[in-house]
Protein chains: 2
Amino acid sequence: MASIASDGGDESDARTALLDATQRLMLSEGYAAVTSRRVAAEAGVNPGLVYYYFGPMDELFLEVFRRSAARSLERQAEALASEQPLWALWDLIRDQTNTALNVEFLALGNHRKAVMAEMKEFSLRFRRLQFEGLSTILAAYGVDTSQWPPEAVMLLMDAAARFMGEERSYGLNLGHSHTITVVERLIGQLEGKRRTRGRRRAR
Amino acid sequence: MASIASDGGDESDARTALLDATQRLMLSEGYAAVTSRRVAAEAGVNPGLVYYYFGPMDELFLEVFRRSAARSLERQAEALASEQPLWALWDLIRDQTNTALNVEFLALGNHRKAVMAEMKEFSLRFRRLQFEGLSTILAAYGVDTSQWPPEAVMLLMDAAARFMGEERSYGLNLGHSHTITVVERLIGQLEGKRRTRGRRRAR
DNA sequence: GTCTATAGCTGGATAGAC
DNA sequence: GTCTATCCAGCTATAGAC
């Protein structure tokens, strides 16, 4: 009933199954659906194990967040170092899983202080890396960064991607194709045609 | 203990107090904090009245959503009809209250089917009005709408505004000032300097 | 319209057997 | 490490007195 192995290596099966189940439940039914009993059932383990591995529920959420955050940092570093960093970043931030999970954490942070603190800390690190990476890239493309500072370019791209992701999550996609066309035209003007398909399976 | 009068006129005091309390609680502690007992205490009325006025809790959330949606439609119509519609729209969508409430409804919709359906329906109406309004406006300003379709312009503006609102809600504002400068420079190029301050007190 | 009381349920968290 | 049993709190929703 438990999964065979985690790719990390030395996590216990039950622990990993609980983390996976939590993420799955948050995505499919929202964070409020994550109760100790429900998540244990979804993971196929005993409810008592939630408290054995994580203590209070807060810590379970935090661990899911940290795991997902670490993955995002890795993927972002790859994107920034790739051949076509703007295309790679754009594809990355458009990933549906991250977006949907983000909405849940955003709302969760609203009434769990510890979660909010962790989100803020992570986002700061994440953004600083984006800004550093983008300044080099835009400078190399000859962009006038006094008119288009990397901070603004990055935020606009990110905002567009995540916002459309949020809308799509409740079935709305009015105007999305027009917006994607515009953004991709601008990226294309700086970086040429997309050569590799950066989109990949989520998770 | 109940508020004196609603501006609409003929709503009962207790009913209005419950709607206000629900919105307040959603903003301060998240939708999960809205329970019949809690919201009644916040409104200063008896918990039984929640069920008397709204039936099941879903309906309470829906009424708050409808009320806020109606207000948004009005304000948007005003903005589109104003002297400087781009500035007015930008100021409107940057309103913090709407953004934060939106995150809550987004997450709430994830596990309350009725809420999600209502959100989708409203958003469709809302966007269609935006697109219609903006096409006239951009055409009047001589914008090349094959390069910059109103749908894309609107979504990019909206995405930027709401995204920054979301980040601000957990204390993050890295790069926001740069982004605001860029957006406002672009608006200024089309519409000239902002003449009236469109920002107003929320609610 | 407002309040009390309560049925019935679900959840967080722990103690302790195995 | 895993599982059972259980305490206690808090919640939705309704019935019925006033």
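Worth knowing before you read on, the calculation uses all heavy atoms, side chains too, and leaves out hydrogens, waters and symmetry mates.
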**Item:** Separation of dC11(D) C1' from E42(B) CD (nearest whole Å)
**Value:** 18 Å
**Request:** Please step through side-chain contact (heavy atoms from CB on, under 4.5 Å) for the pair V183(B) and I187(B), ending with a clear verdict.
**Result:** CA-CA 6 Å; V183(B) 173; I187(B) 295 178; 4.0 Å; yes
**Asked** Which two nucleotides bound the region of DNA chain C that has atoms under 4.0 Å from heavy atoms of chain B, read 5' to 3'?
**Response** dG1(C) to dT4(C)
**Asked** Between the main-chain N or O of K193(B) and the side-chain N or O of Q84(B), is there a donor-acceptor pair closer than 3.5 Å?
**Response** yes
**Item:** Shortest non-hydrogen contact from A161(B) toward W90(B)
**Value:** CB-CZ3, 4.0 Å
**Neighbours of DNA chain D within residues 49-64 of chain B, by heavy-atom distance under 4.0 Å** = Y51(B), P56(B), M57(B)
**Item:** side chain to side chain donor-acceptor pair (under 3.5 Å) partners of Y51(B), counting only residues at least two apart
**Value:** S36(B)
**Prompt:** Can you say whether the rings of Y31(B) and Y31(A) are parallel (under 30°), tilted (30 to 60°) or perpendicular (over 60°)?
**Reply:** tilted
**Asked** Going by an N to O cut-off under 4.0 Å, is there a salt bridge joining E59(B) and R66(B)?
**Response** yes
**Prompt:** Charged N to carboxylate O under 4.0 angstrom, E167(B) versus R162(A)?
**Reply:** no
**Message:** Test salt bridge (charged side-chain N to carboxylate O under 4.0 Å, His left out) on R75(A) and D91(A); report intermediate values, then the result.
**Reply:** CA-CA 11 Å; R75(A) 292 169 72 185; D91(A) 289 338; over 6 Å; no
